[in-house]
Amino acid sequence: MSEEKRESLNFIEEIIEEDLKNGKYTAPATRFPPEPNGYLHIGHAKAICINFEIAKKYGGTTNLRFDDTNPTTEETEYVDSIKRDIKWLGYEWQNEALFTSDYFPQLYAFATTLIEKGLAFVDDSTPEEIALQKGDTTKPGVNSPYRDRPIAENLDLFRRMKEGEFPDGSRVLRAKIDMTHPNMHFRDPVLYRIKHETHHRTGDEWCIYPMYDFAHGQSDSIEHITHSLCSLEFRHHRPLYDWLIEQLGIFPSRQIEFARMNVAHMITSKRKLKLLVDEGLTIGWDDPRMPTLSGMRRRGVPAAAIRTFCDKAGVAKRENVIEAELFDFCTRQELNKTADRVMAVLDPVKVVITNFPEGETEMMSVENNPEEEDNGGYREVPFTREIYVERADFKKEPQNRKYFRLAPGKDVRLKGAYIIHCEGFEEDAEGKVTQINCTYYDNSRSGADTSGVKAKGTLHWVSIEHAVPAEVRLYDRLFTDPTPTMHEDKDFLEFYNEESLKVIPTAYVEPSLKTSEPGTTYQFMRLGYFATDTESTPEKLIFNRTVTLRDTWGKRKG
RNA sequence: AGACCUAUGGUGUAAUCGGUAACACAUCAGUUUUUGGUUCUGACAUUCAAGGUUCGAGUCCUUGUAGGUCUACCA
């Protein structure tokens, strides 16, 4: 009973448990702080999962806060898509969505406080001059000539910046810390800049906007975020994060950095993703090949699969590249439980069952999902004299002794129907098989087989008369290289997988799919998992391949 | 060149805080199967290097080595 193995914690959970144990907090408060200037991708999913799951685990809360301090890049359109994606992933943020822009008055007051304490000054230097003043990582910087302006003058100038008296770029508010500090972020960082631009929420109310370092930590503090989780590259910002909170004397949120998740064959750079779209290499941000949440959703990846994937990938502080196989595994694991099995033939070849009565249709009862209780129910599938099977499931002369699909003289089970015996085939001048002739064992009907015939293989099939044409899109990884952006000598586009999309204009699916709703996921038996595309209609069915089935046979053949 | 961070099987993450390296994916072999899917079983394989402390080191110390991050009026 007490032999229960101790659950291992990641380093963030350890910190939180410590804080809880010491009574520092009764529950954690986390936040997910996207900038509304792009679509969410798998990397964001990781951050979302970490923040929401950790709060859930310890009975805390998670805010959604849009970090909208840069009016030039941010748009309301993204706010909506981000909200939708988070909900789809299965998470609910605390109360309404929050915006850093809601704190602009408070942030302005914080800045004033800093000036009054002699810890900030208005600098008239140009961006170039400021860059020069900063020095570099080995050389200390030098003070700005405006650094020692009297407090009253700073106050006045800052107010006039806000009033719109000065043009963009003419002045900034800087913290007054230490231009020789080894941490570059302490060399009098810029706190506010002038931008006469219309903000997606505050309109033209403001023409000065706080920088990340003077917005993020303060917003965390205002919201009483206890643990502010972010990625490793913010490590060097942390001392400044702490310094500002301390000088302001406000709620001490704590920043904790973790390594962001990289996934093999995927890229998460906003700029590069945009390039793919702009170059027409993918059809938009929700192209099923994109590592965006909208792309994955369209491809048929269940939200639960993404959640378990992020969980299995773990949390630590070292650089990592998670293999794509783990992602596929999580997708299959989820879909195996939830997706109904149906039959579809992608590359058809006609089979005539010569001893089956012409014009007769026999309804076969086929289970929907053997992984579910009661097999997920049953559906009726029509069986007739002429059917399609997969061209790859027939061989004129099989070489491999372990081959147990269709070939002259061989017996094979048609899933949910009869065992058939291959009598022969017809081919055209090029040797392409045009028809396979078979006979069936009339006492081998599925579920009532008294034939005694043993068939090693089971094939999927579709009655030609009832077959419904559909477009099927086969997706593969977008890049042939696991880390396309990590080659100094090569552009990532060189690794673009030309075969990442193969369209089959006319595949044949069983009639039960005729009215399939967009977003429905299936297992096309023996082929893989598929999802009905968002643009699919009963007049033109479209299915996207989410992921193939594991294929140990195909691999062995080499 | 400086400061900071990180090094555990092929990949990712653990190891109850110094007690004899584990879990998952991948790979391979077998089992089950009316999906060459699923299930189940087994195998393979690991502490960056060199010293030191200790009865005992993946854990501590020293020195290296490798990788990453930092010098936007982006976040």
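The chains referred to below are lettered A, B, ... by the order of the sequence lines, with proteins before strands, and numbering in each begins at 1.
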Of all residues at least two apart in sequence or in a different chain, which pass the side-chain contact (heavy atoms from CB on, under 4.5 Å) check with [X]?
{"X": "A/Ala324", "value": "A/His265, A/Arg477"}
{"X": "A/Phe404", "value": "A/Lys456"}
{"X": "A/Thr485", "value": "A/Ile267, A/Lys272, A/Phe492"}

Could you tell me if the ring centre of A/Phe104 sits under 6.0 Å from that of A/His199? yes

All salt bridge (Lys or Arg N to Asp or Glu O under 4.0 Å) counterparts of A/Asp393, not counting sequence neighbours: A/Arg405, A/Arg526

Please list, chain by chain and in numerical order, all residues satisfying salt bridge (Lys or Arg N to Asp or Glu O under 4.0 Å) with A/Lys139, sequence neighbours excluded. A/Asp136

Tell me whether A/Asp476 is salt-bridged to A/Arg545, with the criterion being a basic N under 4.0 Å from an acidic carboxylate O. no

Less than 4.0 Å between a side-chain N and a carboxylate O, is that true for A/Glu233 and A/Arg260? yes

Near RNA chain B, counting only heavy atoms under 4.0 Å, which residues of [range] show up?
{"range": "residues 30-40 of chain A", "value": "A/Glu35"}
{"range": "residues 210-223 of chain A", "value": "A/Pro210, A/Met211, A/Tyr212"}
{"range": "residues 64-73 of chain A", "value": "A/Asp67, A/Thr69, A/Asn70"}

N/O donor-acceptor pair, side chain [X] with base [N], under 3.5 angstrom:
{"X": "A/Gln523", "N": "B/rU35", "result": "yes"}
{"X": "A/Thr458", "N": "B/rU35", "result": "no"}
{"X": "A/Glu371", "N": "B/rG37", "result": "yes"}

Which part of the nucleic acid, if any, lies within reach of [X] when heavy atoms closer than 4.0 Å are counted: base, sugar-phosphate only, or nothing?
{"X": "A/Gly447", "answer": "base"}
{"X": "A/Val190", "answer": "sugar-phosphate"}
{"X": "A/Phe404", "answer": "base"}
{"X": "A/Ser125", "answer": "base"}
{"X": "A/Phe234", "answer": "base"}
{"X": "A/Lys456", "answer": "nothing"}
{"X": "A/His460", "answer": "nothing"}

Taking side chain to side chain donor-acceptor pair (under 3.5 Å) as the definition, give me every residue that meets it alongside A/Arg159, ordered by chain and number, with sequence neighbours left out. A/Asp156

Just to verify, what does A/Thr72 make a side chain to side chain donor-acceptor pair (under 3.5 Å) with, not counting sequence neighbours? A/Asn70

Are A/Lys415 and A/Trp461 in a cation-pi setup, meaning NZ or CZ lies under 6.0 angstrom from the ring centre and within 45 degrees of the ring axis? no

Kindly say if A/Arg187 contacts the phosphate of B/rU71, meaning a side-chain N or O under 4.0 Å from OP1 or OP2. no

Taking for each residue the nucleotide of RNA chain B bearing the nearest heavy atom, is the 5' side occupied by A/Arg413 or by A/Tyr529? A/Arg413

How do A/Gly416 and A/Asp124 order along RNA chain B: which one's closest nucleotide is nearer the 5' end? A/Gly416

From A/Phe258, A/Tyr241, A/Tyr212, residue fulfilling ring-ring contact (aromatic ring centres under 6.0 Å, His included) relative to A/Phe234: A/Tyr212

Could you pull out the protein-nucleic contacts involving nucleotides 1-10 of chain B (nitrogen or oxygen on both sides, under 3.5 Å)?
unit_1, atom_1, unit_2, atom_2, d
B/rA1, N1, A/Thr137, OG1, 3.2
B/rG2, N3, A/Thr137, O, 3.3
B/rU8, OP2, A/Arg318, NH1, 2.4
B/rU8, O4, A/Arg318, NH2, 2.8
B/rG10, N2, A/Glu323, OE1, 2.7

Could you spell out the base pairing of RNA chain B in dot-bracket, with Watson-Crick or G-U pairs whose two distances are under 3.5 Å, [ ] crossing and | to another strand? .((((((..((((.....[..)))).((((.........))))....(((((..]....))))))))))).....

